[in-house]
Amino acid sequence: MTLLDSRPVTRDPDDGMRCTYECQACLHVYAGIFDGWHTDDHIPCTRCGHDEQDES
């Protein structure tokens, strides 16, 4: 899934980032709160399991 948007939940980086991802295979959109220090540009799809990082 490719990162579409991210923004801090609060001003404290320890509270994480609210991120929105979209899968390029099944077009599933996923939104969740992730670690503010390690927000990835790509994650495996939560629905179909497709991982864009494996396509290199």
Side-chain angles (χ1 to χ4, degrees):
M1 300 184 90
T2 302
L3 180 64
L4 298 179
D5 180 51
S6 66
R7 62 184 183 276
V9 175
T10 66
R11 291 181 185 214
D12 185 351
D14 290 333
D15 289 339
M17 301 285 287
R18 181 172 286 115
C19 300
T20 305
Y21 290 88
E22 181 182 42
C23 178
Q24 301 303 308
C26 70
L27 301 180
H28 171 64
V29 175
Y30 175 75
I33 296 176
F34 295 85
D35 182 1
W37 299 103
H38 298 93
T39 302
D40 294 326
D41 290 337
H42 294 88
I43 61 169
C45 181
T46 56
R47 179 180 288 166
C48 72
H50 177 74
D51 190 350
E52 282 123 23
Q53 291 180 7
D54 291 342
E55 293 181 353
S56 54

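Predicted model only: the values in this text are computed from it and were never measured. Numbering starts at 1 and runs along the sequence shown.
- To the nearest 0.5 Å, atoms OG (Ser6) and CG (Asp40) are separated by 11.0 Å.
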Kindly list each side-chain donor-acceptor pair under 3.5 angstrom involving residues 29-37, sequence neighbours excluded, with atom names and distances?
unit_1	atom_1	unit_2	atom_2	d
Asp35	OD1	Trp37	N	3.0
Asp35	OD2	His38	ND1	3.0
Trp37	NE1	Asp14	OD1	2.9

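- Annotation: side chain of Cys45 is in contact with side chain of His28 (closest heavy-atom distance under 4.5 Å).
- Nearest heavy atoms, Pro44 versus Gly49: CB-O, 4.5 Å.
- The distance from atom CE of Met1 to atom SG of Cys26, rounded to the nearest 0.5 Å, is 6.5 Å.
- The one candidate from Leu3, Ile43, Leu4 that meets the side chain to side chain contact (heavy atoms under 4.5 Å, CB included) condition with Cys19 is Leu3.
- Scanning for side chain to side chain donor-acceptor pair (under 3.5 Å) contacts around Thr39 gives an empty result, with sequence neighbours left out.
- Taking the side chain to side chain donor-acceptor pair (under 3.5 Å) definition, one finds that Thr2 meets it with Glu52, sequence neighbours left out.
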